[in-house]
Peer 1: 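I have a structure here, written as structure tokens, and I will follow up with some questions on it.
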Amino acid sequence: MKPLRIAILALQGAFAEHQQILQKIGVDSLLVRNLADWTPEEFDGLIIPGGESTAMLRIMNDEQLMTPVRNAIQQGLPVFGTCAGMILLAKEVDNETRERLATMDIRVHRNAYGRQMGSFYTEHDVNGIGTIPMTFIRAPYIEKTLQQSPSNTEPVEVLSVLDNHIIAARQGNQLVCSFHPELNEDLRFHKYFISIVQQSK
Ligand code: GLN
């Protein structure tokens, strides 16, 4: 069997850190910086990193990546969106009308933790994974899950709740979290994504 390969959207934000984690777990990756790099036949999953969602969306549009990436996800390409990546995948975002990928049935609140709690660290439980370190940086959270749309074959499964807010969820092959698992040494969340990719093959 061909070894797995994961594409990482590298327009802006913490893509290099995701690549390092994949290296540590022995998974090959490639960086997608523009439309020419978007070669879905060469990879099995996609990571959309944290960063600044508005900047990422602008570059995605400029590079004409929005439609091909959305189509691939809707056709089942496994995707892992962290922080800003989660915002890009959300069907609804508070006070935001900018075009997004909008493939996952969640409503997201941006910069949800306010100024005081802008960035923080905690350790918390994720269903099926256990207690893991979590670094939040001007993080969004999931306000609520939405009714399943026709483009999705499964409902949203909540994986972690912190102080009454959903901070990790999965819908079929789409996995999202509010925090930055690539900024800690723990490899379990990435391994969980890789298991989704393996199952999808
Ligand atoms: N606040 C950022 C945004 O709205 C997300 C922060 C992050 O990815 N660390 O895009």
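Numbering of ligands and ligand atoms starts at 1, following listing order.
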Peer 1: Is there side-chain contact between Val108 and Leu89, with at least one heavy-atom pair below 4.5 Å?
Peer 2: no
Peer 1: Only heavy atoms of Ser53, strictly under 4.0 Å: list the atoms of ligand 1 that pass.
Peer 2: 3 (C), 4 (O), 10 (O)
Peer 1: At a 4.0 Å threshold, what atoms of ligand 1 neighbour a non-hydrogen atom of Ile137?
Peer 2: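 Reading through ligand 1 atom by atom, the close ones are 6 (C), 7 (C), 9 (N).
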Peer 1: May I ask you to list the atoms of ligand 1 that are less than 4.0 angstrom from any heavy atom of Glu52?
Peer 2: 2 (C), 3 (C), 4 (O), 10 (O)
Peer 1: Under a 4.0 angstrom heavy-atom cut-off, which atoms of ligand 1 come close to His180?
Peer 2: 7 (C), 8 (O), 9 (N)
Peer 1: Look only at the side chain of Arg188 and the backbone of Thr131, and say whether a donor-acceptor pair between them is shorter than 3.5 Å.
Peer 2: yes
Peer 1: Verify the ring-centre separation between Tyr192 and Phe80: is it less than 6.0 angstrom?
Peer 2: no
Peer 1: Are any of the side-chain heavy atoms of Val79 and Leu101 separated by less than 4.5 Å?
Peer 2: no
Peer 1: Testing Cys83, Pro133, Ser119 one by one against His180 for a side chain to side chain contact (heavy atoms under 4.5 Å, CB included), which residue passes?
Peer 2: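 Single pass found, and it is Cys83.
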Peer 1: Under the 3.5 angstrom rule, does the side chain of Ser160 hit a backbone N or O of Ile167 as a donor-acceptor pair?
Peer 2: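 Side chain of Ser160 to backbone of Ile167, a donor-acceptor pair under 3.5 Å: no, none is there.
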Peer 1: What's the shortest distance from atom 4 (O) of ligand 1 to any protein heavy atom, and which residue and atom give it?
Peer 2: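 Closest protein heavy atom to atom 4 (O) of ligand 1: Arg110 NE, 2.6 Å.
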Peer 1: Taking only heavy atoms of Asn111, which atoms of ligand 1 are found under 4.0 Å from at least one of them?
Peer 2: 1 (N), 2 (C), 4 (O)
Peer 1: Distance under 4.0 Å to a non-hydrogen atom of Gly51: what atoms of ligand 1 satisfy this?
Peer 2: 2 (C), 5 (C), 6 (C), 7 (C), 8 (O), 10 (O)
Peer 1: Can you confirm if the aromatic rings of Tyr141 and Tyr113 lie within a centre distance of less than 6.0 Å?
Peer 2: yes
Peer 1: Using a 4.0 Å cutoff against the non-hydrogen atoms of Cys83, which atoms of ligand 1 qualify?
Peer 2: 5 (C), 6 (C), 7 (C), 8 (O), 9 (N)
Peer 1: Which atoms of ligand 1 are found less than 4.0 Å from any heavy atom of Ile87?
Peer 2: 3 (C), 4 (O), 10 (O)
